[in-house]
Amino acid sequence: MKFARFKHMGKTLTGVAADGAIQVINGDMYSEWEYTGEVLAEDEVQLLAPVIPEKILGIGANYVSSREELPEQIPDLPVFFFKPSSSVIGPDEDIQIPEGIEEVKFESELAVIIGKEMKNVPKEEVLDYVFGYTIGNDVTAPQFFHEAGHWTLGKSFDTFTPLGPYIETELDPYQVQVKAEVNGDEKQNSPTSLMIVPLAEMVSYLSKVMTLKPGDCILTGSPLGAYLIKSDDVIACKIDEIGTLSNKMVKSSISVGS
């Protein structure tokens, strides 16, 4: 089932998407909801980010190029980082590159959406707490990485976390390909089986550090192939079972110090 968040006639609504149509729903999509009976054609609406998370967490450098390169043991302390909810945009919205930054890096990722509150959950039970999956683009300005290794500023600019187009609830996260195209040329295409820290271990680890709540988003890492892109480039992040998240890079008039 694909859940969509969208705007129609000035209202922000939620619905279930299938076959080019969206059935509008009322209620909390994470728990109890019902169909309203209203059905809209998808080309009548503006798709938004399917969720505005309270927390967005990402993991760094989580893919290898082949199974032979996978480590025998996962890292004791994986590299995680936060991104603010103010960085979220939806499909077809522009990614704004602040003045003073010439290029930014795209990173196509499978994003986990938490469905119910979880704390200290073992890896064997993680999928019971997952509502579904969407696509994320972890846009990054590496020139704002601190020399000591702090990544927050480089990943936190407004528009630097496109999400969408839907949340797919019926998905095997271990059997998908994470892809990306820049201006129509494929740059990334890797199975999630090449993650260094697998999805269940990753989410379980985070749940032992902090309480995860419905709507929280975990970016599970980007395959090899991400690189710097510039204004007017169009990045299309793809997972066939979910859809395509496409955004254009544009220069912003807002300048920041370096």
Side-chain angles (χ1 to χ4, degrees), residues 1-5 14 25-33 48-63 70-88 107 109-138 140 149-153 155-156 160-164 166-176 178 192-222 239 241-242:
M1 185 174 285
K2 286 183 169 65
F3 284 86
R5 182 172 161 270
T14 305
I25 66 171
N26 272 335
D28 181 357
M29 68 178 176
Y30 303 112
S31 56
E32 295 184 4
W33 55 269
L48 305 172
V51 63
I52 302 296
E54 177 184 284
K55 296 189 288 295
I56 306 165
L57 297 120
I59 187 170
N62 197 38
Y63 273 78
L70 287 169
E72 293 184 4
Q73 293 184 328
I74 65 174
D76 290 333
L77 185 61
V79 177
F80 289 106
F81 55 87
F82 272 103
K83 300 192 78 169
S85 60
S86 55
S87 67
V88 172
E107 296 184 18
E109 310 199 11
L110 174 68
V112 177
I113 306 300
I114 301 302
K116 55 185 178 180
E117 187 170 307
M118 60 185 300
K119 176 65 177 176
N120 292 324
V121 174
K123 66 180 182 180
E124 294 81 9
E125 299 176 18
V126 159
L127 297 187
D128 295 335
Y129 291 80
V130 171
F131 176 71
Y133 307 87
T134 191
I135 303 169
N137 185 355
D138 177 21
T140 303
H150 305 304
W151 294 359
T152 299
L153 288 182
K155 291 179 174 288
S156 294
F160 270 27
T161 313
L163 296 174
Y166 313 104
I167 299 174
E168 173 60 74
T169 61
E170 299 172 12
L171 178 75
D172 181 348
Y174 300 105
Q175 299 293 326
V176 298
V178 179
T192 51
S193 58
L194 295 183
M195 288 184 186
I196 296 170
V197 181
L199 185 148
E201 283 83 345
M202 184 188 315
V203 179
S204 173
Y205 185 102
L206 288 170
S207 80
K208 295 171 183 176
V209 176
M210 67 192 79
T211 300
L212 300 174
K213 296 186 176 182
D216 283 350
C217 176
I218 299 169
L219 302 172
T220 59
S222 187
I239 295 175
E241 295 83 353
I242 301 174

Checklist entry - Applying side-chain hydrogen bond (donor to acceptor under 3.5 Å, both in side chains), which residue pairs with at least one partner in residues 125-138 are found, sequence neighbours left out? => result Lys83-Asp138, Asp138-Lys155
Next on the checklist: Is there a side-chain contact between Leu206 and Leu57 in this structure, where contact means two heavy atoms from C-beta onward sitting under 4.5 Å apart?
Outcome noted: yes
Next on the checklist: For residues 205-215, which residue pairs pass the salt bridge (Lys or Arg N to Asp or Glu O under 4.0 Å) check, not counting sequence neighbours?
Outcome noted: none
Next on the checklist: With heavy-atom distances below 4.5 Å as the criterion, would you say the side chains of Pro84 and Ser156 are in contact?
Outcome noted: yes
Checklist entry - Does Pro53 reach the side chain of Leu163, with side-chain heavy atoms less than 4.5 Å apart? => result yes
Next on the checklist: I'd like to check the side-chain hydrogen bond (donor to acceptor under 3.5 Å, both in side chains) partners of Tyr63; sequence neighbours left out, ordered by chain and number.
Outcome noted: none
Next on the checklist: If I take atom CZ from residue Phe131 and atom OG1 from residue Thr169, how far apart are they, to the nearest 0.5 angstrom?
Outcome noted: 6.0 Å
Checklist entry - Looking at CG of Leu194 and CG of Leu70, how far apart are the two atoms once the value is rounded to the nearest 0.5 Å? => result 6.0 Å
Next on the checklist: According to side chain to side chain contact (heavy atoms under 4.5 Å, CB included), who are the partners of Glu170, at least two apart in sequence or on a separate chain?
Outcome noted: Met1, Glu168
Checklist entry - Under the side-chain contact (heavy atoms from CB on, under 4.5 Å) criterion, do Val112 and Val126 qualify, and how do the steps go? => result CA-CA 11 Å; Val112 177; Val126 159; over 6 Å; no
Item to check | Plane angle bin for Trp33 and Phe3 - parallel if under 30°, tilted between 30 and 60°, otherwise perpendicular | outcome: perpendicular
Checklist entry - If you measure from CE on Met202 to CD1 on Ile59, what distance do you get to the nearest 0.5 Å? => result 4.5 Å
Item to check | Any donor-acceptor pair under 3.5 Å from Asp216 side chain to Lys55 backbone | outcome: yes
Next on the checklist: Is there a side-chain contact (heavy atoms from CB on, under 4.5 Å) between Val203 and Ile114? Walk through the geometry before answering.
Outcome noted: CA-CA 9 Å; Val203 179; Ile114 301 302; 4.1 Å; yes
Checklist outcome for this item: Distance col, row Ile56:CD1 vs Ile52:CD1, nearest 0.5 angstrom, shows 8.0 Å
Item to check | Under the salt bridge (charged side-chain N to carboxylate O under 4.0 Å, His left out) test, residues paired with Glu117 that sit two or more places apart | outcome: none
Next on the checklist: When you compare the side chain of Thr192 with that of Pro173, does any pair of heavy atoms fall below 4.5 Å?
Outcome noted: no
Checklist entry - Considering all heavy atoms of both residues, which atom of Leu110 and which atom of Thr220 are nearest to each other, and what is their separation? => result O-OG1, 2.6 Å
Item to check | Polar side-chain atom of Ser207 near backbone of Met118 as donor-acceptor pair, under 3.5 Å | outcome: no
Checklist entry - Taking all atoms of both residues into account, what is the closest heavy-atom pair of Phe81 and Gly60, and its distance? => result CE2-N, 4.0 Å
Checklist entry - Do side-chain atoms of Lys116 reach the backbone of Tyr30 as a donor and acceptor pair under 3.5 angstrom? => result no
Next on the checklist: If we ignore hydrogens and angles and just use 3.5 Å, is the side chain of Ser222 paired with the main-chain N or O of Glu109 as donor and acceptor?
Outcome noted: no
Item to check | For the student: nearest non-hydrogen atoms of Gly215 and Val51, plus distance | outcome: O-CG2, 3.6 Å
Item to check | Minimum-distance pair of heavy atoms, taken over all atoms of Ser204 and Lys123 | outcome: OG-N, 3.5 Å
Checklist entry - Going through the checks in order, is the side-chain contact (heavy atoms from CB on, under 4.5 Å) test met by Leu199 and Ile218? => result CA-CA 9 Å; Leu199 185 148; Ile218 299 169; over 6 Å; no
Checklist entry - By ring-ring contact (aromatic ring centres under 6.0 Å, His included), which residues pair with Phe160, not counting sequence neighbours? => result Phe157
Item to check | Approximate separation, where rounding is to 0.5 Å, of Phe80 CZ and Met210 CE | outcome: 8.5 Å
Checklist entry - How far apart are the C-alpha atoms of Leu219 and Glu107, what are their side-chain angles, what is the distance that settles it, and do they pass the side-chain contact (heavy atoms from CB on, under 4.5 Å) test? => result CA-CA 10 Å; Leu219 302 172; Glu107 296 184 18; over 6 Å; no
